[in-house]
Amino acid sequence: MADSDRARRLVRAASGRMALTEDAAKEVLACFGLRVPRRVVLPEGAPVGDALAGLAPPLVVKVVAPTILHKSDVGGVRVGLPDTEAVAQAVEQMRPRMAGHPVEGWLVEEMAPAGVEMVVGGGVDARFGPYLMLGLGGVMVELFEDVRFGICPLRPGDVANMLDRLRAVRLLRGFRGAKPADEAAIIQAVLQVGGPEGLMMTLADEVAELDINPLIVGAEGAVAVDARIVLHRDHPGLEDSHASDNLSRLFAPNTIAVIGASASSGGVAANFLRNLRDLGFPGRVWAVHPTAAEIEGWPAVPTIAALPEPVDYAYVSVAAARTPTLLREANGRIRFVQVISSGFAEAGELALEAELLDACRSGGMRLLGPNCLGLYSARQRISFIGGVSTEPGGVAVLSQSGGLGADILRRGQVRGLRFASLLTLGNSADLGPAELLRPLFDDPDVTVIGLYLEDVKDGRAFFETLRTAAAAKPVVILKGGQTEAGQRASASHTGALAQDGRLWDALSAQTGAVIVETLDRFLDALLAFQCLRPRPDPSRSVVLFGNGGGTSVLATDAFSRAGFLVPPLEESVLEQLQALRLPPGSSVVNPIDTPAGTLRSERGALGGRILAFLGAAPGIDAVVVHLNIPVILAYADPEILPNLIHGALAARHAEGPHLVFVLRTDGELLIEAQRQEYRATCLSKGVPVFTELADAAEALRCMALYEQFRRQVR
Ligand code: ADP
Ligand code: MG
């Protein structure tokens, strides 16, 4: 059991200092069960005498001075000293080199048995709260930054996974005949720091940063031989979240008010009203307008107070400065308000945004935005942009950018995505991604969640929600912008290394959420999750089938880079394929490269027969069919392409490998149109179509990551 009271007393005793002394820091570690060397502190000027009697040589002596961060850099560490005499001599030799530093004393300690030097660090992030860092010590961390992060509290599986992902992990596992390090001891030490009852969780209010550098890990156990604990100046404190309202109504409102629509001159609010009409919104709508009797065919009332019934959702687009007064009057007549107007925090108007939030609270409603574009709900046929379909699907998206939200909707639909909902969040002054995630996990119509995020204010709650959901649904995150923590100055190594988005990698590894870097990859990953059912065993082996030798070679490279194998086919499958007596020039090793002769045989039907065998082949997790449309069209038999595609779709086994298509074009408009047509055919059978092979490789990589995580947590 951790002696957390004692640890807290030790920390409080150092109040006023920026960091604990090494001796006190080690004492704190010991309170949480970590092994530290037996040691004695000799005050500066005191004789060595028999103070060291209880220590077993060889000994180490280190300078103690609050201004010295890296003791060895200034010649302040001596190791391997055989006796008291040698310690006294070492101190005499070191002392003159410490000129200018307020030397408080000398720490003398036992030497730890030899082993691999690791680094264990900790910190408290403004968004995610306590986190932990693990890496190999010395140059591995300083030069290569070979470290992994985890968000606390860590579970044993998280730590094992962090270890596995270290590039230098082989150094621990008996590299070049060395004795393997005691991994169980590493995991134990890491949990003593970052586990549910570990140091970071217990002392998050007191400890800002922690460095154990090194933790020496031998064949039997791990010893923390250097420790630095930096204290908080002031504790940031996590915001308490509001009582949870029933948020599901927000994604499918029945009653809507639109405030700020002009009766004569158009504008976004009038467009929103028109879309509700055009798309066939099934509920009741009121425009709020001082004089008009109706706008875009919907009845108008002069004020919010005049609404004949409370509404689920209000769309507000009026001058920013007017919004607080307007909404303060709502008096419970609006459940959710989305303020489209800009001119708030994003424009430096922090006070106005605070006033808006306050007005919403006193008016009894939850706020979306401000500075956003609106809501899309397929179920209720609502859209903030025109020209989109409301054919319902399972993809739900939260976007912290309005414009990008519109791109996701438009481009996504062209690519075959079918949305349940898309909500733009803007400044997220009140409702943010963390709170809005929960109803999406709960909604049975939602099968995959996409998030475009710039700044998650309540990162801790966001992480907890994802972690609690245990990858029940796939989550794809498109992350824009660096974390603001990046600008914070750091007083430890760990703090400095935590600054570059590595906590997002940690979040991904601990929750199974997949992080992508471009809009296209985001849409492709969502498409893969929309169409394909995750396999119980993570996808690894891929068969490539299609035309174009060079294309097949490049595709093999792309899939290998994405972590897949493109293995030779099993003997039994080869025999089946050979029995088909493929025309000369066909290659049945994987990748299966089918020249014109093969594709044309039986007017394309042979392709389907080949794929039927591949779909049933043992040990194959995904079959990728790539067809170069203009090349096939040039065969002058218009039946070949449809026969190939239908044949491939018909050959799909429900329990078989993932089937994905890559329909390649030359960009020519008529050819693009054909692709779009076949894309629809494939999608109607639940088969995703990608633009290029590398895109398919990336999307399948996201699927494999998710599958791997699911197997780990289930
Ligand atoms: P610094 O402030 O320079 O990081 P450390 O206390 O980490 O000083 O000591 C420097 C190096 O000396 C360590 O990285 C480790 O290799 C070695 N060392 C320090 N203390 C011990 C010890 N008790 N047992 C074994 N090696 C030690
Ligand atoms: Mg050190």
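When a ligand or atom number is given, it counts from 1 through the structure's own listing order. Heavy-atom basis, side chains included; hydrogens, waters and symmetry copies ignored.
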For [X], take its heavy atoms, then give the atoms of ligand 1 lying under 4.0 Å from any of them.
X    : answer
H70  : 2 (O), 3 (O)
N213 : 7 (O)
V60  : 20 (N), 21 (C), 22 (C), 23 (N)
V77  : 8 (O), 9 (O)
E109 : 20 (N), 21 (C), 22 (C), 23 (N)

Check whether [X] reaches the backbone of [Y] with its side chain - one donor and one acceptor, N or O, closer than 3.5 Å.
X    : Y    : result
E353 : A429 : no
R148 : R165 : yes
E454 : Q400 : no

Check: Would you say R228 touches ligand 1, if touching means a heavy atom closer than 4.0 Å?
Finding: no

Shortest non-hydrogen contact between [X] and [Y], atoms and distance:
X    : Y    : result
I477 : L453 : CG2-CD1, 3.9 Å
S508 : I515 : CB-CD1, 3.9 Å
Y706 : G512 : CD1-O, 4.1 Å

Checklist line | side-chain contact (heavy atoms from CB on, under 4.5 Å) involving A694 - partner list, sequence neighbours excluded | finding: A558

Checklist line | Protein heavy atom under 4.0 Å of atom 11 (C) of ligand 1 | finding: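 So far as the 4.0 Å threshold goes, atom 11 (C) of ligand 1 is out of reach of every protein heavy atom.
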
Notebook entry, point to check: Please, which pairs that meet salt bridge (Lys or Arg N to Asp or Glu O under 4.0 Å) have at least one residue in residues 49-64, sequence neighbours excluded?
Noted result: E22-K62, K62-E109

Check: Heavy-atom distance under 4.5 Å between the side chains of F128 and V456, does that happen here?
Finding: no

Note to self: Any non-hydrogen side-chain atom of D125 less than 4.5 Å from a side-chain atom of F463?
What the structure shows: no

Quick one: look up the protein heavy atom nearest [atom] and list residue, atom name and how far away it is.
atom                    : answer
atom 13 (C) of ligand 1 : P214 CD, 3.7 Å
atom 26 (N) of ligand 1 : I216 CD1, 3.7 Å
atom 27 (C) of ligand 1 : V225 CG2, 3.9 Å
atom 17 (C) of ligand 1 : V79 CG1, 4.1 Å
atom 6 (O) of ligand 1  : K62 NZ, 2.7 Å
atom 25 (C) of ligand 1 : A112 N, 3.5 Å
atom 3 (O) of ligand 1  : S72 OG, 2.3 Å
atom 4 (O) of ligand 1  : D226 OD2, 3.1 Å

Check: With only distance considered, is E117 within less than 3.5 Å of ligand 1 through an N or O on each side?
Finding: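 Yes; at least one N/O pair falls below 3.5 Å.
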
Item checked: Check: K71 N/O within less than 3.5 Å of ligand 1 N/O -> yes

Check: Should R535 and E707 count as an ion pair when the cut-off is N to O under 4.0 Å?
Finding: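 Salt bridge flag = no for E707 with R535.
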
Notebook entry, point to check: Mind counting the protein N, O or S atoms sitting less than 2.8 Å from the Mg ion (ligand 2)?
Noted result: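 If we list every protein N, O or S atom nearer than 2.8 Å to the Mg ion (ligand 2), we get 2.
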
Next item on the list: Output every pair passing side chain to side chain donor-acceptor pair (under 3.5 Å) with a member in residues 557-566, not counting sequence neighbours, ordered by first then second residue.
Entry: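 Of all non-adjacent pairs touching residues 557-566, none passes side chain to side chain donor-acceptor pair (under 3.5 Å).
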
Note to self: Quick check for you: to the nearest 0.5 Å, what is the distance between D621 atom CG and R540 atom CZ?
What the structure shows: 9.0 Å

Margin query: Students often mix this up, so state it plainly: with edges at 30° and 60°, are the rings of F149 and Y131 parallel, tilted or perpendicular?
Written below: tilted

